Amino acid sequence: MQWETVIGLEVHVQLATRSKIFSGASTAFGAEPNTQACAVDLGLPGVLPVLNEQAVAMAVQFGLGIHAEIPDVSVFDRKNYFYPDLPKGYQTSQMYEPIVGPGEVEILFDDGESKRIRVHHAHLEEDAGKSLHEDFHGMTGIDLNRAGTPLLEIVSEPDMRSAKEAAAYLKAIHSIVTYLGISDGNMAEGSMRCDVNVSVRPKGQEAFGTRAEIKNVNSFRFVERAIAFEVERQVELLEDGGKVVQETRLYDPDADETRSMRTKEEANDYRYFPCPDLLPVVLDQAYIDHLRDNLPELPAAKRERFQGELGLSAYDAGVLSASRAMAEYFERVHEVCGDAKLAANWVQGELSGALNREGLAIAASPVSADQLGQLIGRVMDDTINGKAAKQVFQALWHGEGGDESNSADAVIEAKGLKQVTDSGAIEAMIDQVIRDSPAQVAQYRDAEPDKRGKMIGYFVGQVMKASRGTANPQQVNGLLKEKLDALC
Amino acid sequence: MHDQTLTGLAAALAAGEFSSRELTEHLLARIERHDGALNSFITVTGEQALAAADATDALRARGEAGPLTGLPLALKDIFCTQGVKTSCGSRMLDNFTAPYDASVVERLAAAGTLSLGKTNMDEFAMGSSNENSHYGPVKNPWDLTAVPGGSSGGSAAAVAAGLVPAALGTDTGGSIRQPAAFCGITGLKPTYGRVSRYGMVAYASSLDQAGPMARTAEDCAHLLGAIAGHDPRDSTSVARGVPDYTAGLDAPLSGLKIGLPKEYFGDGLSAEVETAVREAIRVYESLGATVREVSLPHTHYAIPAYYVIAPAEASSNLSRYDGVRFGHRCENPSDLTDLYKRSRGEGFGEEVKRRILIGTHTLSEGFFDAYYKQAQKVRRLIRQDFLAAFDEVDVLMGPASPTPAFDLGANKDPVSMYLQDIYTIAVNLAGIPGISVPAGFAGGRPVGLQILGTHFAEAQLLNVAHQFQQATDWHLRRPGFIEETA
Amino acid sequence: MALEHADVLKAAHLARLGLDEGEADRYLDDLGRILEMVDQLQSLDTEGVAPLAHPLDATQRLRADEATETDRRETFQRVAPAVENGLYLVPRVVE
């Protein structure tokens, strides 16, 4: 039987506020345990929550970024359950009236194809603390620094049909939140976490199969692998005449498998009800308009502009707009050198190659966008040739030329890479090479005219060598041909 | 000294008749001597009180005293007080020393008052008789066999017995007004949101409100002025200016339109209480007020709605008492569930558990719409009843409680105990202010007249109550307890 | 809506309240009568009435995004039943 996979994602994004969603405690990562858990975060008796305006603004920005409805009113509810990392015994969340309504995200594939994934809603909630299971005499230690960090939970419709689509969706969300600057998107530190709902159904069947929810899937790669494993498991189960159980499973990256989380003794009953300590959040149109007017250009718009205005290919436009850092780097290079295609080639070629080799993010590139732009400019104005340009790039990569924006010029100067375009000087070098190569000249002369084109390469090489690579190759070619043909 | 009003004591301190230290020492001595019989205090902070009294005397010597400087008060043990045990009347918090002051505690200190200690209360403010305290019941100073009312019973009894001139209470369904009525003092529940709830241990967040309990409306006006106002730490506190509540106290009442809700004079109201209340209303007529009957048709549904909403909120608010970060923790928990169940099972008393169970049940799957949502709809209807009545009249009047203080141990059944709050509970659901003033006696026990106003009408309520107290002397009566032991 | 013994046990478990058998029976009786009283609500027609969550029609005020709190771990943990290395200790949580 042919099976179809149905996937929905719940992505939790930690918002990059300075303070927590309901308290004035810092959200900085990595502090000593419980030093950033204030009375409100600890749920001490009598304390009360007050909502962080930045968390609201960021959630709305996200909503605008996915063309979602932003309801006038949203309400916080309490989700009640006991767990040691949940200090109040309830999580303040939004069950019935979330801050962001239905929207959609466009995902892109390598072949340039795209697909729209619907977002059901996104809501604000508070993060829980962390349980540390190292041995404290058989006890678990609780660190509540993370408790109260603002989370935006983005809930998709079950619109994805493959692990690839799910990964592309997750990347699109990552790209939007980092473009907006509302999250650092750092999956390794847990700033972005993902629960995956997976089910399979016979191809052509409309009704959904029973789904499993996979928790703890915290990298793009793991999303693909967890889904791949889970789909295989479910299909195998069904083909063997079994049934998929609706349950929560955990992805174990080391074993590369999903495992059933021990079935709880009773079904959860979270007893959601409106949080009486918080009032309805009412957003007026002027506020929403103000945020919309100040939204940065988002990946989809950038991609279109790169294609339409700058004339890049769909593939190049997609790669260069995938992250805000990449796009900003490219745009600066383009601004400095003035040629979009050259800028795109250099960023995706020489630069990305070097970054990949050393495993660096573009933000950590040793060559700045200004330096690369200037370097490309020097190729464009014939100051250096392509070969020299690669040397200059290497030098800049290793910090030569200093970190000033004119360091490309400094390297060119120091290494004497300036291209020789003085035809008198080039002719003198050519004459010398011809004098030094009587045998090759003789061969050239004796060859059939249509074979001579290939043989000229030897002479070009010799002249370039004599110029230490600085002679303009086109000039060398033209002048050599003239002089050799004159000898025939 | 101990027989004076707060206003009188303020004048005496200002005139130099005695110092705050002398006053504080006198009251501490009285507490020492009499509170064994009353059990109105859980914690007495004598040393801190004396140090604070000295500091205020020094302030006065430098000419920096304000109107409330040097006045000793007591705080219901529901208010967090930094460095002082804050038990909320529960075994759960018997070992809890608050690491911060409630906003109202800060405001009272900033106004120059000092605290003699923390008063007894029904556990987590759940009760109408003060019999639900981990620290034992409080006795009514008018009759030691009677309850003082609840849940702010300790505050009411301490003021009535002259152990302290005024105290702070909280009112979720009548917990200021009913004990004020039972103990023959004046108690004001402000409009929801008028006074900050920050640092006040939560019972039912959408109903809880702190307020003053004192001998007179004038004293309450002074205290309300000190504690009211917007608090950025409480999202439900209202950003609205605080008037001078004493400014309009003397305004004449001619033309005042009083409404008598017919539902507040029906079955279950004791004849003696009704007589006292009707007599009080005649006093108002003599002061120039007009009286008419009004209807609050949904009154009957107030107790059912309250016993859905309040326990639901409480069941969630009290989940933080889990034996992990503070409060009672059971011995040698075998696992996490055991830690939770035994810590909470041991730490909470019977009434608290009862309400947590009710709230948990009514919020649970399959019951939420029928109970919680329906109760919230009824809540809107109850509020509409009041707002419609206030379109026609200025204030509403009636009894604070259907009976005077009942005997200790008389009400064993929870439901019949709940039904006692029939006249006070709707006020919290609607969020309007209410005040109870002494209006006579029934069988030797005080009767309270309850006066209700529309949202933020505290100044008017205080004026109406003050004018009554200018025309009557019920608020000046003192329980025999004081004379016997003076 | 009649209350059953299992309802009381379920609520007690959800609320993590340890009850012994006698207590559960007593609460079943109390809770049953309280719910009977509460069930009067069902007789009221509330069609078209919006639920009221707060007595005032106020809206949420927002706080500026500033980290204003300082580290008070030592003070807060002075009232904690069991801490080690700054962590609150609970019986081992199995994941």
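If you're wondering where the values come from, they're calculated on a predicted model, not measured in any experiment. Labels below follow one simple rule: chain letters A, B, ... track the order of the sequence lines, proteins then strands, and each chain is numbered from 1.
Residue B:Thr362 touches chain C through its side chain alone, counting heavy-atom pairs closer than 4.5 Å. Neither the backbone nor the side chain of C:Glu36 comes within contact range of chain B; no heavy atom of the residue lies under 4.5 Å from a heavy atom of that chain. For B:Leu336, the parts lying near chain C are the backbone and the side chain together; criterion is any non-hydrogen pair under 4.5 Å. With a 4.5 Å cut-off on non-hydrogen atoms, B:Tyr372 does not touch chain C at all. In this structure, the portion of B:Ala430 lying under 4.5 Å from any heavy atom of chain C is its backbone and not its side chain. In this structure, chain C has a heavy atom under 4.5 Å from the backbone of B:Asp234, while its side chain stays farther away. Contact annotation for B:Pro414: only side-chain heavy atoms (C-beta onward) come within less than 4.5 Å of a heavy atom of chain C. In this structure, the portion of B:Gln82 lying under 4.5 Å from any heavy atom of chain C is its side chain and not its backbone. With a threshold of 4.5 angstrom between heavy atoms, B:Tyr306 does not approach chain C through any atom at all. For B:His300, the parts lying under 4.5 angstrom from a heavy atom of chain C are both the backbone and the side chain.
You'll find the side chain of C:Leu19 reaches within 4.5 Å of the side chain of B:Lys353, heavy atoms only. Within the 4.5 Å cutoff, side-chain heavy atoms of B:His361 are placed close to those of C:Leu3. Counting only heavy atoms from C-beta outward, the side chains of C:Asp57 and B:Arg383 approach each other to under 4.5 Å. Under the 4.5 Å side-chain criterion, counting only non-hydrogen atoms from C-beta, C:Tyr27 is in contact with B:Glu350. Side-chain contact between C:Thr46 and B:Val378: present, with at least one pair of heavy atoms (C-beta onward) separated by less than 4.5 Å. Looking at B:Gln374 and C:Leu44, their side chains come closer than 4.5 Å, going by heavy atoms from C-beta outward. Counting heavy atoms from C-beta outward, C:Met37 and B:Ile303 have side chains that approach closer than 4.5 Å.
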Any chance you could lay out the side chain to side chain contact (heavy atoms under 4.5 Å, CB included) test for C:Leu17 and B:Tyr340, step after step, and finish with the verdict?
-> CA-CA 7 Å; C:Leu17 282 178; B:Tyr340 288 149; over 6 Å; no
Between B:Asp413 and C:Arg33, is a side chain to side chain contact (heavy atoms under 4.5 Å, CB included) present by the stated rule, with each step listed?
-> CA-CA 10 Å; B:Asp413 171 53; C:Arg33 279 178 307 115; 2.4 Å; yes
Test side chain to side chain contact (heavy atoms under 4.5 Å, CB included) on B:Tyr371 and C:Asp39 and set out the steps.
-> CA-CA 8 Å; B:Tyr371 287 126; C:Asp39 274 339; 3.3 Å; yes
Derivation and outcome, side chain to side chain contact (heavy atoms under 4.5 Å, CB included), residues B:Phe456 and C:Leu56 | CA-CA 11 Å; B:Phe456 301 103; C:Leu56 303 176; 4.0 Å; yes
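Under the side-chain contact (heavy atoms from CB on, under 4.5 Å) criterion, B:Asp338 pairs with B:Pro333, B:Ser334, B:Asp335, B:Arg342, sequence neighbours left out.
Across every non-hydrogen atom of C:Pro55 and B:Gly431, the tightest pair is CB-CA, 3.5 Å. A pairwise comparison of heavy atoms in B:Tyr301 and C:Ser43 identifies OH-OG, 3.5 Å as the closest pair. The nearest pair of heavy atoms linking B:Val324 to C:Pro81 is O-CD, 3.4 Å. Nearest approach of C:Val90 to B:Arg329, heavy atoms of both residues: CA-NH2, 3.9 Å. The nearest pair of heavy atoms linking B:Arg380 to C:Pro51 is NH2-O, 3.2 Å. For the residue pair C:Leu41 and B:Pro304, the shortest heavy atom distance occurs at CG-CB, 3.8 Å.
For the options C:Asp7, C:Asp20, C:Leu31, heavy-atom pairs under 4.5 Å to chain B are most numerous at C:Leu31. Counting heavy-atom pairs closer than 4.5 Å to chain B, the top-ranked of the candidates C:Ala12, C:Ala82, C:Ala11 is C:Ala11. Your options are B:Gly345, B:Ser235, B:Gly347, and the one with the most heavy-atom pairs under 4.5 Å with chain C is B:Ser235. Contacts with chain C were tallied for B:Lys373, B:Glu346, B:Arg354; B:Arg354 has the most, counting heavy-atom pairs under 4.5 Å.
Within residues 58-73 of chain C, the residues having any heavy atom closer than 4.5 Å to a heavy atom of chain B are C:Gln60, C:Arg61, C:Arg72, listed by residue number.
In the model, C:His13 has a side-chain atom that pairs as donor or acceptor with a side-chain atom of B:Lys341 under 3.5 Å.
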